[in-house]
There are 2 protein chains.
Amino acid sequence: MLRTNLTFLSFIERLCETNNESNITLRTFAAGFRFVKQGEKIRNIYIIKDGISKCFISEENGKDFIIEFLGKGEVVGELEVIKKIDCLCNVATISEVTAFVIPDHIFMALTEKNSEFTRLLLQELSTRIIQTSSRASFQQLYTLEYGLLKLLKLQSDEQISISKEDMAAYLGISVRSFNRTLQQIKAKNQDQSLIILLERLG
Amino acid sequence: MLRTNLTFLSFIERLCETNNESNITLRTFAAGFRFVKQGEKIRNIYIIKDGISKCFISEENGKDFIIEFLGKGEVVGELEVIKKIDCLCNVATISEVTAFVIPDHIFMALTEKNSEFTRLLLQELSTRIIQTSSRASFQQLYTLEYGLLKLLKLQSDEQISISKEDMAAYLGISVRSFNRTLQQIKAKNQDQSLIILLERLG
DNA sequence: GTTAAGAAAGGACAATTGTCCCGATTGAAA
DNA sequence: TTTCAATCGGGACAATTGTCCTTTCTTAAC
């Protein structure tokens with residue numbers, strides 16, 4: 001649920017070191033800041049160095065769907081640059097986030113000239129397709145209770161804490177359903193590792 | 001709903017012509033044949049030259065989810081080769097399908113040495129992420145009736161006809177729900193272009 | 001034409017989920 | 001400490017969806 005790509009991150013860090021006068025910069029955003037806005041143009045891509053963000057689509061009916069939580073090494077905006085389109089998603093920070101900022105033309109040049117970069121990018125895009133497809137299938141075909149249980153376990157494993165609203169948006173359900181299902185899980189849960197997390201969620 | 005990539009197809013066709021002794025071959029599969037099996041190893045990638053296939057995940061609870069319908073120019077198996085993993089999905093033909101078959105090592109060599117190929121592949125993978133994410137969001141956040149209506153319109157526009165079972169699997173619902181929702185749409189429909197299709201579906 | 005078997009459609013009921021709203025809780029200001 | 005407002009949780013009901021099973025339709029054999 002929290003996607004990361006440490007290989008990609010260290011590649012970018014090396015690139016910055018060797019390439020001092022490059023146009024790659026670092027920026028820090030406060031928690032809760034929406035640094036990419038759906039529907040707008042984008043001129044930079046971002047690679048998260050630290051912190052957690054959420055990438056989400058706001059539908060016309062007012063509901064939000066969280067595509068993924070993004071951690072270290074995850075890229076934002078590259079699809080839009082590759083396809084030359086406006087932003088598909090919003091991206092907002094959950095914690096404070098520091099990110100490398102790469103102008104679109106530099107990014108495109110990298111995809112054309114740096115074969116290691118391209119290789120890593122193909123890996124990243126492939127992983128994303130795999131995860132997105134698998135999740136879509138899982139969320140459509142299993143019960144909410146099973147899906148939420150899986151989500152809680154992932155959170156527990158990864159030692160992160162996501163708000164209820166965000167978990168509901170990730171599962172594509174209302175907060176009401178989320179709370180209801182949480183009670184069911186609490187009533188049944190035998191898993192020691194989840195008790196702390198369930199306690200925190202009330 | 002029927003993804004195609006004519007640019008990619010013509011690139012491969014040109015590649016075959018110029019590169020006669022290459023290891024790229026053509027194969028034809030009868031309708032209904034499952035040519036990629038979830039969980040198995042894969043040694044070739046396929047590029048559809050003609051016909052329609054479906055790419056679907058079979059979940060452990062016995063349900064299937066159709067990731068996408070694949071038409072001309074769509075690639076199958078490249079994620080598995082890039083990530084060196086077993087097949088995530090099944091791929092089965094719906095009509096008779098003719099496909100280019102490219103051995104994994106040839107495919108990988110192309111991604112490393114042919115920058116035009118890599119560029120097209122990045123485009124293809126990006127498109128897929130965009131479509132998969134948008135659809136996941138849409139299907140989670142809108143009503144079934146709205147989703148099915150959209151699906152029917154797409155089918156009508158693209159002049160293709162998909163079985164009820166496949167449409168239900170694409171929407172991630174039971175055939176019972178599909179039928180029920182179809183009746184609701186029929187009762188309300190004002191759209192001339194859908195009448196023929198709705199008639200065919202009974 | 002009749003019959004039987006299998007497939008498809010739909011009725012009935014149960015389970016799930018969303019919406020609306022009220023009561024409880026929290027936190028800040030007085 | 002009290003009070004008020006804002007947020008959060010959950011009850012009640014409606015709508016949606018799945019499961020199970022019966023009915024209807026199709027088709028092939030006689």
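Residue numbers begin at 1 in each chain, while the letters A, B, ... track the order of the sequences.
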Please encode protein proximity along nucleotides 8-13 of chain C as a string of B, S and -, counting only heavy-atom distances under 4.0 Å. -SBBB-
When rounded to whole Å, the CG to P distance for the pair B/L171 and D/dT17 reads 10 Å
Kindly write out the residues that satisfy salt bridge (charged side-chain N to carboxylate O under 4.0 Å, His left out) with B/R119, not counting sequence neighbours, or none if the list is empty. B/E116
Quick test of your reading: applying ring pair (Phe, Tyr, Trp, His ring centres under 6.0 Å), list the pairs with at least one residue in residues 87-108 of chain A, sequence neighbours left out, ordered by first then second residue. A/F107-A/F117
Do any pairs count as a ring pair (Phe, Tyr, Trp, His ring centres under 6.0 Å) and have a residue in residues 50-95 of chain B, sequence neighbours left out, and if so which ones? B/F69-B/Y170
Between P on C/dT17 and CG on A/L148, what's the gap in Å once rounded to a whole number? 11 Å
Separation of D/dG9 atom P from A/R200 atom CZ, nearest Å, is 11 Å
Spacing between B/Q184 atom CD and D/dA15 atom C1', to the nearest angstrom: 10 Å
Rounded to the nearest angstrom, tell me the gap between atom OH in A/Y142 and atom C1' in C/dT17. 20 Å
Rounded to the Å, how far apart are B/L144 CG and C/dT17 P? 14 Å
Salt bridge (charged side-chain N to carboxylate O under 4.0 Å, His left out) involving A/R135 - partner list, sequence neighbours excluded: none
Starting at CZ of A/F178 and ending at C1' of D/dG9, how long is that distance when rounded to a whole Å? 12 Å
Any residue meeting salt bridge (charged side-chain N to carboxylate O under 4.0 Å, His left out) with A/K188, in chain and number order, not counting sequence neighbours: A/E145
Lys NZ or Arg CZ of B/K150 over B/F138 ring: under 6.0 Å, within 45°: yes
From CD1 of B/I185 across to P of D/dT16 the rounded distance in Å is 12 Å
